[in-house]
Undergrad: 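One structure follows; several queries about it will come next.
The basis for the numbers below is simple: all heavy atoms, side chains too, and nothing from hydrogens, waters or symmetry mates.
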Amino acid sequence: ASDDGLVHVSRDAGKNWENVTPPGAPKYLMYNSVDADPFTKGGMYLAGTLYKGGDFKPYLYKTKDYGKTWTKIVSGIPNDHFTRVVRADPKVQGLLYAGTEAGMYISYDDGASWSPMQLNLPIVPITDLAIKNDNLIAATQGRSVWLIDDLTPIHQLSDAVANAEFHLFKPIDSYRMSSGGGFGSIPANWGENHHNGAMFYYHLKNEPGEDDVITFEIMESDGDLIKKFASNAKDKKEKLEVKQGSNKFLWDMRYSDAEGFENLIMWAANLTGPKAVPGTYKARLTVNGQVADTDFTILKDPRSISSQTDLQAQFDYLIDVQRTLSEAHTSIKDIRSVREQMITLKDKLGDDEEYKEITDKATNIDEKMTDVEKEIYQTQNQSRQDPLNFPIRLNNKLAHLSRVVGTGDYQPTDQAIEVRDELTGKIETQLAKWQKILTEDIEDLNRMVKEKSIDAVKMKKDQPTIP
């Protein structure tokens, strides 16, 4: 406890108090914060100010023996940055944070030396600090509340980490939330919401070169791959942005999206993959073949009333729907590929009677494929508003169902399961028709083409003569 100019300590729950004011401290020094040393019995840290008397020097002290002896710990803090607060990190011995009139400082050696910890924090008085759940929260005078929402990389710093070619830090436990992540339209200086996902930090000693390949993989606990990102990926969604020094990567906790196809249009539906259930997972950073692994944990939202069994049932349901949608959309891509090839074939053969049987067969196959395609997907959709005029088909119905069941953290209802089974059954019927076309009709067409020994390059008859 402290009052103006004096510090007192009690060893019997406040029954008796002893004056332990640091000797040599200025008279009337106001002790703004007192923080116990979490690792040393009888250890304590003090932050004092005397700016009201015109003295702007920093005053920080520590004791390890209930105030019998004190050490002043201000090396590295400028003489005009008077101190307001000091806090000890409860996870790492000797790791201290100090708030001054002109910003933040950090010490890795129990106050023997201090370094600026300003980052993107404005130059502002830090009036108080708190550490909660590995987050550092700073109260400022005039600039609201700021926080570092993950201190674990600082906890894991060492000489070995600093000298390594690359290092993947073990991430803080992350909560599985159904919302959050900020609003893109608010001004940047208003701050942002906590990210909605698992945040990873990694360090690269050297600037990556053009030929360097860096990948980041998210896996289940048994090693099954969930998602992979790479510095040389062509797809923007799979692109890993890397630079020399500190890097961070946010995984939104979602599995891969269902397969789509070009110009796919659906109403009130999407192909978004389901969120991972709470549990333990693995992350792997690979730099030019060298690997660094870490495990990490996803926690259940404490506000959710659903059980782990409920969340697993929801995930299994959504993965099953994703699998069916991917199969359906892959089949549509295959149908369209076959159609293009048959158009090319028919153009090559033209109206030649010798090949009429083949062109008729191709036309018949196209009609059968089109029937399957139209049952699965509304082919008349050309814009986002077209579903208002043209009824949605099986894929859209199933994708919308997935969107509904994927909202919130709830086990699928019996009705949702019944509708899924009905839609899946109808899609499987169409896919079976497509497989029959592949194994029977297209095989017949290929056999007919081979029997006719049609040339790969065929010129049209009656070509005009060049004078």
Undergrad: I need the single residue from L151, I154, D134 that forms a side chain to side chain contact (heavy atoms under 4.5 Å, CB included) with K91. Which is it?
TA: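 Running side chain to side chain contact (heavy atoms under 4.5 Å, CB included) over L151, I154, D134 with K91 returns exactly one hit, D134.
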
Undergrad: List the atom of I437, the atom of V372, and the distance in Å for their closest heavy-atom pair.
TA: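 Heavy atoms of I437 and V372 come nearest at CD1-CG2, 4.4 Å.
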
Undergrad: Do L398 and M266 touch side chain to side chain, with heavy atoms closer than 4.5 Å?
TA: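 A side-chain contact is absent here, since even the closest heavy-atom pair is not under 4.5 Å.
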
Undergrad: Is there a donor-acceptor pair under 3.5 Å between the side chain of Q322 and the backbone N or O of L271?
TA: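 Yes; at least one donor-acceptor contact below 3.5 Å.
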
Undergrad: Using 4.0 Å as the upper bound for N to carboxylate O, is an ion pair formed by K356 and D351?
TA: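 Answer for the salt bridge query: no.
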
Undergrad: Please check if the side chain of R393 supplies one atom and the backbone of K374 the other of a donor-acceptor pair under 3.5 Å.
TA: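 Yes, because the side chain of R393 sits within donor-acceptor range (under 3.5 Å) of the backbone of K374.
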
Undergrad: Step by step, would you call H203 with N247 a side-chain hydrogen bond (donor to acceptor under 3.5 Å, both in side chains)?
TA: CA-CA 6 Å; H203 184 270; N247 293 262; over 6 Å; no

Undergrad: With side chains defined as the heavy atoms from C-beta onward, is the minimum distance between K227 and E217 less than 4.5 Å?
TA: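 They are not in side-chain contact.
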
Undergrad: Report yes if the side chains of Y355 and D360 come closer than 4.5 Å at any heavy-atom pair, otherwise no.
TA: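 Answer no - side chains too far apart.
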
Undergrad: Once rounded to the nearest 0.5 Å, what's the spacing between atom CD of Q93 and atom CG of D37?
TA: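 So the CD of Q93 and the CG of D37 are separated by 6.5 Å.
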
Undergrad: Applying the side chain to side chain contact (heavy atoms under 4.5 Å, CB included) criterion to P171, which one of D295, T152, T297, T294 satisfies it?
TA: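 The option that passes is T294.
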
Undergrad: Check whether T407 reaches the backbone of R403 with its side chain - one donor and one acceptor, N or O, closer than 3.5 Å.
TA: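 At least one qualifying donor-acceptor pair exists.
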
Undergrad: Pair E259, K333 - check salt bridge (charged side-chain N to carboxylate O under 4.0 Å, His left out), show working.
TA: CA-CA 10 Å; E259 186 75 21; K333 290 197 292 187; 2.4 Å; yes

Undergrad: Please report the C-alpha distance between D257 and K237 in whole Å, then the side-chain angles of each, then the deciding distance to 0.1 Å, and finally whether the salt bridge (charged side-chain N to carboxylate O under 4.0 Å, His left out) criterion is met.
TA: CA-CA 11 Å; D257 295 347; K237 292 182 179 180; 3.6 Å; yes

Undergrad: Could you tell me if Y317 and Q312 have a donor-acceptor pair between their side chains, going purely by distance under 3.5 Å?
TA: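 Looking only at side-chain atoms, Y317 and Q312 do not form any donor-acceptor pair under 3.5 Å.
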
Undergrad: Quick one: pull up CD in E238 and NZ in K228 and give me the separation to the nearest 0.5 Å.
TA: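 Those atoms lie 10.0 Å apart.
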
Undergrad: Stepwise, does the side chain to side chain contact (heavy atoms under 4.5 Å, CB included) test hold for E165 with Q290?
TA: CA-CA 10 Å; E165 291 298 316; Q290 300 297 310; over 6 Å; no

Undergrad: So, R303 and D301, do they make that salt bridge, N to O below 4.0 Å?
TA: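 A salt bridge links R303 with D301.
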
Undergrad: I need the minimum non-hydrogen distance between M219 and Y281, along with the two atoms involved.
TA: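 Shortest heavy-atom separation between M219 and Y281 comes out as O-CB, 3.4 Å.
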
Undergrad: Any non-hydrogen side-chain atom of P387 less than 4.5 Å from a side-chain atom of Q378?
TA: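 They are not in side-chain contact.
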
Undergrad: What's the spacing between Y175 OH and I298 CD1 if we round to 0.5 Å?
TA: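 These two atoms lie 13.0 Å from each other.
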
Undergrad: Would L168 and F216 count as a side chain to side chain contact (heavy atoms under 4.5 Å, CB included) here? Give the steps.
TA: CA-CA 10 Å; L168 173 62; F216 196 91; 3.8 Å; yes

Undergrad: Given side chains that start at C-beta, do those of R339 and R336 come closer than 4.5 Å, heavy atoms only?
TA: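 In short, these two side chains touch, coming nearer than 4.5 Å.
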
Undergrad: Rounded to the nearest 0.5 Å, how far does OG of S231 lie from CG of L240?
TA: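 Here the rounded value is 6.5 Å.
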
Undergrad: Tabulate below the donor-acceptor pairs under 3.5 Å that side-chain atoms of residues 114-128 make, not counting sequence neighbours, or state none.
TA:
residue : atom : partner : partner atom : Å
W114    : NE1  : I73     : O            : 3.0
Q118    : OE1  : M104    : N            : 3.1
Q118    : NE2  : L121    : O            : 2.9
Q118    : NE2  : P122    : O            : 2.9
T127    : OG1  : A139    : O            : 3.2
D128    : OD1  : R87     : NH2          : 2.9

Undergrad: Verify the distance criterion only: is there a donor paired with an acceptor across the side chains of D149 and N135 at less than 3.5 Å?
TA: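 Short answer, no.
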
Undergrad: For the atom pair CG (N263) and OG1 (T379), what is the distance rounded to the nearest 0.5 Å?
TA: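 These two atoms lie 13.0 Å from each other.
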
Undergrad: Distance-only, no hydrogens or angles: does the D310 side chain make a donor-acceptor pair with backbone N or O of S307 under 3.5 Å?
TA: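 It does hold such a pair.
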
Undergrad: Is any side-chain N of the basic residue among E443 and R447 closer than 4.0 Å to the acidic one's carboxylate O?
TA: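 No.
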
Undergrad: Has D386 got a side-chain atom pairing as donor or acceptor with Q382's backbone, closer than 3.5 angstrom?
TA: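 Present.
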
Undergrad: With side-chain hydrogen bond (donor to acceptor under 3.5 Å, both in side chains) as the test, would you mind laying out the steps for D110 and Y45 before giving the verdict?
TA: CA-CA 10 Å; D110 205 30; Y45 301 93; 2.4 Å; yes

Undergrad: Does a salt bridge link E422 with K426, judged by any charged N lying under 4.0 Å from a carboxylate O?
TA: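 So E422 pairs with K426 through a salt bridge.
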
Undergrad: Would E101 and R84 count as a side chain to side chain contact (heavy atoms under 4.5 Å, CB included) here? Give the steps.
TA: CA-CA 7 Å; E101 180 67 8; R84 291 177 175 268; 2.8 Å; yes

Undergrad: Are the side chain of D320 and the backbone N or O of D316 linked by a donor-acceptor pair below 3.5 Å?
TA: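 No, D320 side chain to D316 backbone: no donor-acceptor pair under 3.5 Å.
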
Undergrad: In terms of heavy-atom contacts, does CZ of F261 have more than 12 from other residues, nucleotides or ligands at under 6.0 Å?
TA: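 Atom CZ in F261 is crowded, with more than 12 foreign heavy atoms closer than 6.0 Å.
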
Undergrad: Between K282 and D222, is the closest basic N to carboxylate O distance under 4.0 Å?
TA: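 K282 and D222: not salt-bridged.
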
Undergrad: About how many Å separate CD1 of I226 and OG of S256, when rounded to the nearest 0.5 Å?
TA: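 Interatomic distance, S256 OG to I226 CD1, rounded to 0.5 Å: 9.0 Å.
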
Undergrad: Could you tell me whether the side chain of S33 and the main chain of V86 form a donor-acceptor pair under 3.5 Å?
TA: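 Side chain of S33 to backbone of V86: a pair is present.
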
Undergrad: Within the 4.5 Å heavy-atom criterion, are Q244 and L204 side-chain neighbours or not?
TA: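 The answer is no, as the side chains (C-beta and beyond) never meet within the 4.5 Å cut-off.
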
Undergrad: So which heavy atom on P274 is nearest to which on F315, and how close?
TA: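 In terms of heavy atoms, the two residues are closest at CG-CE1, 3.9 Å.
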
Undergrad: Are side-chain heavy atoms of Y201 and F249 found at a separation under 4.5 Å?
TA: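 Side chain of Y201 against side chain of F249, heavy atoms only: no contact under 4.5 Å found.
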
Undergrad: Is a donor on one side and an acceptor on the other found under 3.5 Å between the side chain of T330 and the backbone of E327?
TA: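 Pair absent, no side-chain N/O of T330 close to backbone of E327.
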
Undergrad: Any donor-acceptor pair under 3.5 Å linking the side chain of T100 with the backbone of G103?
TA: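 Such a contact is found between T100 side chain and G103 backbone.
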
Undergrad: With a 6.0 Å cut-off on the ring centroids, do F169 and H167 count as close?
TA: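 Yes.
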
Undergrad: What is the minimum heavy-atom distance between A416 and L401, and which atoms define it?
TA: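 Looks like O-CD2, 3.8 Å.
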
Undergrad: What pair of heavy atoms forms the shortest contact from I265 to R384, and how long is it?
TA: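 Heavy atoms of I265 and R384 come nearest at CA-NH1, 3.8 Å.
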
Undergrad: Within a strict 4.5 Å, meaning less than it, do heavy atoms of the Y108 and I106 side chains meet?
TA: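 The answer is yes; the side chains approach within 4.5 Å.
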
Undergrad: Scan side-chain atoms only and decide if Y377 and H329 contain a donor-acceptor pair under the 3.5 Å cut-off.
TA: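 Note: Y377 and H329 side chains miss the donor-acceptor criterion.
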
Undergrad: One thing to verify: whether E357 and K452 come together as a salt bridge, which I'm taking to mean a side-chain N less than 4.0 angstrom from a carboxylate O.
TA: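 Answer for the salt bridge query: no.
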
Undergrad: Which heavy atom of G350 sits nearest a heavy atom of T359, and at what distance?
TA: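 Taking G350 first and T359 second, the nearest heavy atoms are O-CG2, 4.2 Å.
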
Undergrad: Determine, step by step, whether L345 and I358 satisfy the side chain to side chain contact (heavy atoms under 4.5 Å, CB included) criterion, reporting the C-alpha distance in whole Å, the side-chain angles of both residues, the deciding distance to 0.1 Å, and the verdict.
TA: CA-CA 9 Å; L345 176 65; I358 293 177; 4.1 Å; yes

Undergrad: Just by modelled atom types, is the A268 backbone N or O under 3.5 Å from a matching donor or acceptor in the H400 side chain?
TA: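 Between the backbone of A268 and the side chain of H400 there is a qualifying donor-acceptor contact (under 3.5 Å).
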
